[in-house]
Colleague: 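Input: one structure, supplied below.
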Amino acid sequence: MQDLENLRDRLAQEQATLATTHEQIEAAHRQIEALHGQIAAIQQQIATTEQQIAELHRHAEAIEKRIALLREYMTMVESAEEPATPAAQSPEAAAPARPAAEPLAQALPSLEEAEAADELGDLSFAETPTTSSGPTVPATETPLSLDDLDEEYLTSELLPRTQTFEEELILVMAHHRKAIPPKDVARIFRRLDYAPKVAATEKSVKAQVESDHRFFEYAARGRIALTREGRAEAQRLLEQLR
């Protein structure tokens, strides 16, 4: 009878481990889909930027043409305004020199007209696109390391963005810092006022720990703790989700 009970417990653990593994697979698929979306957005941004560069080249060519035309006009005006001797020229004789330059002046667009014709509009395409989803946190309030992480930011910003119970457990344990009895994990989640994706029972927590010894390990008196890689993963999650 005792053996049957042990087998049932083992079966429950294996089923919990299998469910967690399926969650991890689904989370990985979602991450891949999100990356594909980011790639498409970046490619669109590149195409838009290349188009704007071509427009800037056309804008520069138009300016260069206007500069050349202005210089030509200035040369003609300077030639027309050369001083003459009053005795040799009357006002009537000096007058014909200006009309030659007037058609060119009339042909020149004003600076306001030229700028309106070559207006490029908003060049905000040059700004770096934002790919993160979720609420924006001011840079001054965003923790840079696990030592700066407070409960409010953990509960309101990081945990809701996780994909799996494993990620939630890693972040909570990294914030708690001390080894935790598996039965106390649910109490810690309740204190944070956060409901994890999987009920944080002693059995489910142990199953999660036993399914991934890379991030979790058992400490003294059956407590659980993060390995060095688990702490590194918590820091990675902090940087990815903030």
Side-chain angles (χ1 to χ4, degrees), residues 2-42 130-135 137 143 146 149 151 153-219 222-242:
Q2 183 65 29
D3 291 341
L4 179 59
E5 186 64 25
N6 290 336
L7 288 172
R8 286 175 177 170
D9 289 344
R10 184 61 184 272
L11 176 61
Q13 292 177 2
E14 295 294 339
Q15 288 175 335
T17 302
L18 178 62
T20 300
T21 302
H22 282 307
E23 289 178 358
Q24 293 172 344
I25 292 172
E26 292 175 1
H29 281 305
R30 288 194 294 270
Q31 289 176 351
I32 290 174
E33 292 175 358
L35 288 173
H36 280 308
Q38 293 176 10
I39 290 172
I42 291 173
T130 302
T131 58
S132 61
S133 61
V137 179
L146 295 171
L149 183 59
E151 288 189 2
Y153 187 82
L154 172 67
T155 304
S156 63
E157 300 294 340
L158 292 184
L159 290 176
R161 300 179 189 173
T162 56
Q163 299 294 328
T164 65
F165 176 61
E166 178 189 50
E167 293 180 351
E168 293 171 328
L169 187 58
I170 288 174
L171 288 172
V172 168
M173 292 180 63
H175 176 65
H176 191 71
R177 300 186 182 179
K178 300 178 182 179
I180 310 172
K183 64 181 181 180
D184 290 348
V185 172
R187 178 178 56 81
I188 294 174
F189 273 109
R190 285 196 299 270
R191 180 171 58 81
L192 293 172
D193 195 20
Y194 178 82
K197 297 173 177 60
V198 175
T201 63
E202 181 178 1
K203 187 175 295 186
S204 65
V205 171
K206 284 184 176 180
Q208 180 64 60
V209 171
E210 292 171 1
S211 69
D212 195 346
H213 293 293
R214 186 164 62 99
F215 294 150
F216 305 101
E217 63 182 358
Y218 281 104
R223 300 189 175 200
I224 58 173
L226 291 179
T227 63
R228 180 175 298 179
E229 291 186 24
R231 292 283 298 179
E233 177 67 9
Q235 180 65 37
R236 188 192 69 79
L237 288 171
L238 171 62
E239 295 172 356
Q240 174 184 326
L241 300 175
R242 64 189 175 91

Colleague: Name all residues meeting the side-chain contact (heavy atoms from CB on, under 4.5 Å) criterion together with Arg228; count only those two or more places apart in sequence or in a different chain, and write none if there are none.
Modeller: none
Colleague: What residues form a side-chain hydrogen bond (donor to acceptor under 3.5 Å, both in side chains) with Gln163, not counting sequence neighbours?
Modeller: Arg30
Colleague: Only pairs under 3.5 Å count here: list side-chain donor-acceptor contacts from residues 195-202, not counting sequence neighbours, and write none if there are none.
Modeller:
from	atom 1	to	atom 2	distance (Å)
Lys197	NZ	Thr162	O	3.1
Lys197	NZ	Thr162	OG1	2.8
Lys197	NZ	Glu168	OE2	2.9
Thr201	OG1	Ser204	N	3.1
Thr201	OG1	Ser204	OG	3.1
Glu202	OE2	Lys206	NZ	3.3

Colleague: With rounding to the nearest 0.5 Å, note down the distance linking CD in Glu167 to CG in Leu241.
Modeller: 6.5 Å
Colleague: Not counting sequence neighbours, which residues clear side-chain hydrogen bond (donor to acceptor under 3.5 Å, both in side chains) with Glu217? List them please.
Modeller: none
Colleague: I'd like to check the side-chain contact (heavy atoms from CB on, under 4.5 Å) partners of Ala19; sequence neighbours left out, ordered by chain and number.
Modeller: none
Colleague: Just so I know, are the side chains of Leu169 and Phe216 near enough to count as touching, which here means a heavy-atom distance under 4.5 Å?
Modeller: yes
Colleague: If you look at every heavy atom in Ile170 and Gly230, which pair is closest and at what distance?
Modeller: CG2-O, 3.8 Å
Colleague: Starting from the C-alpha separation in whole Å, work towards a yes-or-no answer on side chain to side chain contact (heavy atoms under 4.5 Å, CB included) for Thr227 and His213.
Modeller: CA-CA 8 Å; Thr227 63; His213 293 293; over 6 Å; no
Colleague: Applying side-chain hydrogen bond (donor to acceptor under 3.5 Å, both in side chains) as the test, list every pair that has at least one member in residues 184-193; sequence neighbours left out.
Modeller: Glu151-Arg191
Colleague: Compare all side-chain heavy atoms of Thr17 with those of Glu210 and state whether any distance is below 4.5 angstrom.
Modeller: no
Colleague: For Glu233 and Glu166: C-alpha separation, side-chain torsions, deciding distance, then whether side chain to side chain contact (heavy atoms under 4.5 Å, CB included) applies.
Modeller: CA-CA 11 Å; Glu233 177 67 9; Glu166 178 189 50; over 6 Å; no
Colleague: What residues, two or more places apart in sequence or in another chain, satisfy side-chain contact (heavy atoms from CB on, under 4.5 Å) together with Ala179?
Modeller: Ala219, Arg223, Ala225
Colleague: Taking only Lys NZ, Arg NE, NH1 and NH2, and the carboxylate oxygens of Asp or Glu, determine whether Glu239 and Arg236 approach each other closer than 4.0 Å.
Modeller: no
Colleague: Which residues pass the side-chain hydrogen bond (donor to acceptor under 3.5 Å, both in side chains) test with Arg214, sequence neighbours left out?
Modeller: none
Colleague: List in chain and number order the residues that pass salt bridge (Lys or Arg N to Asp or Glu O under 4.0 Å) with Arg177, two or more places apart in sequence or in another chain; answer none if no residue qualifies.
Modeller: Asp147
Colleague: Could you work out, with side-chain contact (heavy atoms from CB on, under 4.5 Å) as the rule, every residue matching Ala174, not counting sequence neighbours?
Modeller: Leu146, Leu226, Arg231, Ala234
Colleague: For Glu23, give me all partners under salt bridge (Lys or Arg N to Asp or Glu O under 4.0 Å), at least two apart in sequence or on another chain.
Modeller: none
Colleague: Could you list the residues that satisfy side-chain hydrogen bond (donor to acceptor under 3.5 Å, both in side chains) with Glu14, not counting sequence neighbours?
Modeller: Arg10
Colleague: Verify side chain to side chain contact (heavy atoms under 4.5 Å, CB included) between Leu171 and Leu159, making sure each step is shown before the conclusion.
Modeller: CA-CA 8 Å; Leu171 288 172; Leu159 290 176; 4.2 Å; yes
